[in-house]
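Accompanying notes for the structure given below.
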2 protein chains.
Amino acid sequence: MTEQDRPRVPRGQARDRIVAAATELFARLGYEATTTRQIVEAAQVTKGALYHWFSSKEELLTSIYRELLAEQTARLEAIAAADGPADVRLHRAVSDLFTHMDEHAEPLTVWARSMHLVAGEHAAAVRAERRRYQHLFQDLVEEGQKTGAFRPDVPASVITNTFLSSVVQIHRWFRSQGPLTRRELGEQMVSLFLDGVRVVPAG
Amino acid sequence: MTEQDRPRVPRGQARDRIVAAATELFARLGYEATTTRQIVEAAQVTKGALYHWFSSKEELLTSIYRELLAEQTARLEAIAAADGPADVRLHRAVSDLFTHMDEHAEPLTVWARSMHLVAGEHAAAVRAERRRYQHLFQDLVEEGQKTGAFRPDVPASVITNTFLSSVVQIHRWFRSQGPLTRRELGEQMVSLFLDGVRVVPAG
DNA sequence: GCCAACATACCGGGCGGTCGGTTGGTGACC
DNA sequence: GGTCACCAACCGACCGCCCGGTATGTTGGC
């Protein structure tokens, strides 16, 4: 009827709004429990816009992963390629990871909760990127083992997986309203990771 | 036609078969991606049996959790209440946890993947039990901190959550066909947890 | 005027859940 | 020790809803 029957979203914003809304909903409700209708409603667009930019709901999920992973991998790559001893670079990488998490808590939650649902052709690409990230991290650990900074009796893969697992799960218990900031928590977890909880190491 | 048109499942086995089939399917495909039809087909019963024993698909999921949690909590309770220094009991508790995981890898996978989907009235009960388990563990850590066995500069809640997170995530990367047994992995993770990865602790 | 960039109405399928019916073990009773 | 009523335990056809996805129309900037 009138020119502002409803406040329309300006052209060119639809894709970003869809990704933002989907990220928030996936993080809060989980991928499977979120419907495409909820997404377009939250983004204040229509299904036409969603399926104009994404070929399926799964591709929308995948694109959230890839964006996050690409950024994380690039950061880790830069730090790993820098100069200095391996343990220092590892410490720097972990600190940076927590900084990054501070800014991208939601997509990380999506990742942690729904990663295993990506299947088919999408899965291969995502898993490849994920392995690339994991290997960058693991290489740093191995380098630290070779130079004598880290203990050699536990495989680097076990060390890497153990640490990254505890990081990925932070969203399940950490509340930003709590006494700690995510950055402070990061420092404590790095310290735990490096030195453990025991005061006097067993001789 | 004949008396064995199809091999019927004997009476009284239906509930167990449903739980077993649901556990396997939930662990492999995820809760949301598993349909009630797949469950009853795998269990070789019908939907009548499923909804005779469970009021909903969600209650079936919840019952898997509660069974697992109840057993784990009972084990931890027994170990925590025993004699001996806190750090020894903690070590014992963790070793026992890995032994238990060895026997119940599937329901633990279900737990790790689909815990966040439990909502409504079911959620309260499950979360309460989960908190009870967590507190038992955390109390051991705090006791160790008071007796001087564990470092006091990191909150016991952070220590507990960090460690339990890495344990819960094991199913994502550990393959029982690999070089390590789950028991051996457990020992390595306990060692990492206690002493960290650094060879020479910072002065 | 033409093609992205959307909007809107619509669809087939499969999902969780239901409901009236059947079966078989169990115990009370003679 | 036969039989018979009874009620869990279980069967299976069925339902309505809502989901992901589509087909066609509309708009606006270059």
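Naming convention: chains lettered A, B, ... in sequence-line order (proteins, then strands); numbering from 1 in each chain.
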- [ ] For Thr34(A), answer base if it contacts any base atom (sugar-phosphate contacts may also be present), sugar-phosphate if it contacts only those atoms, and nothing otherwise; contact means non-hydrogen atoms under 4.0 Å.
- [x] sugar-phosphate
TODO: Would you mind checking if Arg198(A) and Asp87(B) are paired as a salt bridge, meaning a charged N to carboxylate O distance below 4.0 Å?
DONE: no
TODO: Using whole Å, report how far CD of Gln13(B) lies from P of dC10(D).
DONE: 9 Å
TODO: By nearest nucleotide on DNA chain D, pick out whichever of Gly12(B) and Glu32(A) is the more 5' one.
DONE: Gly12(B)
TODO: May I ask you to decide if the ring planes of Phe26(B) and Tyr31(B) are parallel, tilted or perpendicular, using 30° and 60° as cut-offs?
DONE: perpendicular
Open item on the list: Using the side-chain heavy atoms of Lys57(B), tell me which of these nucleotides is nearest: dC10(D), dG17(C), dG21(D).
Closed with: dG17(C)
Open item on the list: Strictly below 4.0 Å: does Trp53(A) bring a side-chain N or O up to OP1 or OP2 of dA4(C)?
Closed with: no
Open item on the list: Closest approach to the side chain of Tyr51(A), judged atom by atom: which nucleotide of dT22(D), dG12(D), dA7(C) is it?
Closed with: dT22(D)
Open item on the list: It should be established whether His52(B) places a side-chain nitrogen or oxygen under 4.0 Å from OP1 or OP2 of nucleotide dA9(D).
Closed with: yes
Open item on the list: Using 0.5 Å steps for rounding, measure from the CZ atom of Arg127(B) to the OH atom of Tyr65(B).
Closed with: 10.0 Å
TODO: May I ask you to say whether Arg28(B) pairs ionically with Glu24(B), meaning some side-chain N is under 4.0 Å from a carboxylate O?
DONE: yes
Open item on the list: In whole Å, I'd like the distance from the CD atom of Gln44(A) to the P atom of dT8(C).
Closed with: 13 Å
Task: Sugar-phosphate only, base, or nothing, as touched by Thr35(B) at under 4.0 Å among non-hydrogen atoms - done: sugar-phosphate
Open item on the list: Rounded to whole Å, please give me the gap between CG in Asp16(A) and P in dA5(C).
Closed with: 12 Å
Task: Gln169(B) versus Asn161(A), side-chain donor and acceptor atoms under 3.5 Å - done: no
TODO: Give the rounded distance in Å between these two atoms: CD of Glu59(B) and P of dG17(C).
DONE: 10 Å
Open item on the list: Is it the case that the base of dG16(C) and the side chain of Arg37(B) share a donor-acceptor contact (distance under 3.5 Å, atom types as modelled)?
Closed with: yes
- [ ] To the nearest Å, give me how far apart CZ (Arg15(A)) and P (dA4(C)) are.
- [x] 17 Å
Task: Value in whole Å for how far the P atom of dG16(C) lies from CG of Leu25(B) - done: 12 Å
Open item on the list: Check the phosphate of dG16(C) against Thr36(B), side-chain N and O only, distance under 4.0 Å to OP1 or OP2. Yes or no?
Closed with: yes
Task: Nucleotide dC19(C), atom P - distance to CG of Leu50(B) in whole Å - done: 16 Å
- [ ] Specify the separation, in whole Å, of atom CZ of Arg17(B) and atom P of dC10(D).
- [x] 11 Å
Open item on the list: When you measure only distances, ignoring hydrogens and angles, does the side chain of Lys47(B) come within 3.5 Å of the base of dG16(C) through a donor and an acceptor?
Closed with: yes
Task: 5' precedence on DNA chain C between Ala14(A) and Ser55(B) (nearest-nucleotide basis) - done: Ala14(A)
